[in-house]
Amino acid sequence: MRAAGLLVGQTLAAVAAAIADGITTGQLDALAEDFIRSHGGRPSFQEVPGYRHTLCTSVNEEIVHGIPGARVLRDGDLISVDCGAIVSGWHGDAAISAIVGGDAAGRPEDLALSRATEASLWAGIGAMRVGGRLYAVGEAIEASILASGERDGREYGIVEEYVGHAIGQEMHLDPQIPNYGVQGKGPILANGFTGALEPMITLGSPDNRVLDDDWTVVTIDGFRASHWEHTVAIRDGGAWVLTALDGGEAKLTELGIPYAPIR
Ligand code: MG
Ligand code: MG
């Protein structure tokens, strides 16, 4: 799974480097497909029934599942890119958010939203430990979003209809991993559990709907959204962020979470 996760991380880095004013989301998708195939992987999203692209590209008020195509990106757009790959039968799944034209081109509230969303993802990762309970992840994500909202003077929305998931030889496995606090504690996390955490956070209400293309999820109020995702393994010794280029070592260390790769 590290091979698949690393390939997803590298693909997202290549896509991030290509995001610029004037490029289309379809061009980003082609770049990602070439990158994955030329490195010995398969784009997993193409194997989801009814979907034929390598990425989901969700721009501005689009939350998740945006379809790559003719849309031209413009400076200041807030885009999330979600990518999945299969290597030797194992899956990786991750998403990033970015401002087209770089942070200097972004609206302050979009930058704050993206940072809050990414921070909440890492808070969720920090709540994953062997012997712990699955729903602690959503509680940590929600607490992080609330704290960021207080700091930023905003009331961020947490999307509830789309959630994280266990992952392995298929992309979407049970159990689901809510990105918010729910009743109960959830299953006990076992040594070797692998999950994809993926908070989707909005600047306004989290209420959403699916466009007529049957895929793209947008906010109803038109406010922008951010989405960050990592595939994470937890082991007796700590965590290993399989889709992070460095395995998560730098960020885990910063957060005081033991970094536990298989070497
Ligand atoms: Mg994903
Ligand atoms: Mg996912």
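Since we're looking at a predicted model, the values are computed, not measured. Counting starts at 1 for both ligands and their atoms, in listed order.
For the Mg ion (ligand 2), the set of nearby N, O or S atoms under 2.8 Å includes one belonging to His165.
Within the 3.5 Å criterion, the main-chain N or O of Thr219 finds no donor-acceptor partner in the side chain of Glu61.
Among heteroatoms of the N, O or S kind in Glu198, OE2 lies nearest the Mg ion (ligand 2). Among heteroatoms of the N, O or S kind in Asp82, OD1 lies nearest the Mg ion (ligand 1).
The minimum heavy-atom distance linking Arg2 with Leu245 is given by the pair NH2-O, 3.0 Å.
At a cut-off of 3.5 Å, with distance as the only test, no side-chain donor of Asn179 or Glu198 sits close to an acceptor on the other residue. For Ser97 and Ser114, the side-chain atoms include no donor-acceptor pair closer than 3.5 Å.
Taking the Mg ion (ligand 1) as the corner point, the angle from Glu229 atom OE1 to Asp93 atom OD1 is about 90° (rounded to 10 degrees).
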